[in-house]
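What follows is a short report on a single structure.
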Amino acid sequence: MWSKTITVCATCPVKSINEAILQAEEGDTVFVKKGIYKEANIKINKSIALIGENLPTIDGEKKGEIITIGTDNVTLDGFKIINVGVSYTTDYAAVRVVNSEGFVIKNLELEKLFFGIYLQKSNNGKVLNNKVRGEAVTEFNSGNAIHLWYCKNVEVRGNDVQRVRDGIYLEFSDEISIKDNFSKNNVRYGLHFMFSNNNYVINNVFETNGAGIALMFSKFMEVENNIIKKNWGTAAYGLLLKEVNDANIKNNLFFENTVGITVEGSNRLQYANNDFTSNGYAIKVKGACYENHVIDNNFLYNSFDISYNGRINNNKFNNNYWSNYTGYDLDKNGIGDVAYRPVKLFSYIVNRTPETIILMRSLFIDIIDFSEKVSPVFTPDDLMDENPRMKQIAHDRN
Amino acid sequence: MKIIQLLVILVLFTACTVKPQPINYGSDVCHYCNMTIVDKQHASQMVTAKGKAFKYDAIECMVHSLQDEFKDTEMAHQLVADFYQPGELINATEASYLVSEQLQSPMGANLSAFKNTENGQKALEEFSGKIYTWKEIQEYLKL
């Protein structure tokens, strides 16, 4: 191989990144030393590696897009990129990858941005260990930190995204693995799927977002080992499922969300080994849901465990631990002898007339809930956990 | 005392007027798809004749909601965001609609609205796609 390295710095023969890329040939490495480079519209159309030493800064001066990658096998590593242009009609990004394969984008720090990393019809790449800090607080003209549009087989791992619109957004993207990311304080969602299938969401933390995860119109998802917490507010959910089929939701922790999971029009989902702790509602089922199984979960200290609209529709609740369960276990097999009915009459009333929430924890409500528990009239007769556990399940959550 | 009575009456009456409500971007939720409304260029709203307001994150959501659950409900207002004036809600029945690959809308229909046919035409030249009227777009989005 005849590949060479071009070094860029203020005192080097080559002073600008654009110039270095112009000089570079396929397979070369452009090595950028520490400093501030005021450049925008950097176009990479050769398979090169662009590597920053000690985090050099590329300042786009709000002139639009900063780096556009338009060819296969490009590596981008170790830059701080600031001042992306904001526009209503064009989605300017700090880094955009267009119709390319084999890209690696890592160790970037993005600030003052509109869109962060925008992957467009690009496959088989990696987005690793990037840090994105947006400024979306009251302004909703913000973009998403990591945005995938028509992508396939991309690894999104170890990124830290905060204060943007959606932390990670996928639209029409399949076979994406989202691992070990941290997504916090985003205006809309920590993670957002639209029309995306066969994706893995493992070991992430979603904290204080408008809502934790929104899975919409998608199929075949694995959502495992995530921590979803403190999504509070009128439109806040831990996990929003809308028209999702064949998903596994396992081993997650839902902690202090207004609603742990809101689900509508979703079929064949497995909810297993999750902890629902101190949420307003643990699970809110809104209708058109069939063949869902809620098994081996802990429901701990939620104001309402389950809210249910309509009929039971062969959805199953089995073998869960419910902290509100007051039954007994005479045969000492660890399973309560009386079935547990997770839907309270009061949650029905609140669904109909939200203002009645003010009566929560009043004696009157306790009385009507108790009488409903003794002889159900309003709540679905067959919605119950026939084998409620007596002891909390110790989930392995390393 | 009089003033308080007057105020009470005033409050009672203002509560009853049929008018659109402001959309709180980032905290209001779409009535149809449950998404948080953030996109000022694609939000929409309907107000029934009785004054209940329903907000949507995308125009396609409003149209689907209309076909789905409000088939027989009389609407006082049907409003959509004007693409060129984000945050501004305009009359849906008079607006011009553009479906363009270049303009992504929140729920995947690539649908944006414009104040009048003139603006719609301008956008068509800029972004390409196809122009629809309010009637046609309902046919186009039929469930």
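Numbered from 1 within each chain, the chains take letters A, B, ... in sequence-line order. What's counted below: heavy atoms across the whole structure, side chains too, no hydrogens, waters or symmetry copies. Computed from a predicted structure; not experimentally measured.
- For the pair A:Lys242 and B:Met35, the minimum side-chain heavy-atom distance is 4.5 Å or more.
- Most heavy-atom pairs under 4.5 Å with chain B, from the set A:Tyr237, A:Phe172, A:Phe217: that is A:Tyr237.
- To the nearest 0.5 Å, the span separating OG1 on B:Thr36 from CG on A:Asn186 amounts to 11.5 Å.
- The part of A:Glu264 that comes within reach of chain B is its side chain, from C-beta onward, which places non-hydrogen atoms under 4.5 angstrom from that chain.
- Neither the backbone nor the side chain of B:Tyr84 comes within contact range of chain A, judged by heavy atoms closer than 4.5 Å.
- Using a 4.5 Å heavy-atom cut-off against chain A, the contacting residues of residues 106-115 of chain B are B:Pro106, B:Met107, B:Gly108.
- For residues 85-101 of chain B, the set of pairs meeting the side chain to side chain donor-acceptor pair (under 3.5 Å) definition, not counting sequence neighbours, comprises B:Asn91-B:Thr93.
- Using a 4.5 Å cut-off between heavy atoms, B:Cys33 contacts chain A through both its backbone and its side chain.
- B:Asp39 CG to A:Arg188 CZ: the interatomic distance, rounded to the nearest 0.5 Å, is 7.5 Å.
- Minimum heavy-atom separation, B:Asn34 to A:Tyr189: O-OH, 3.9 Å.
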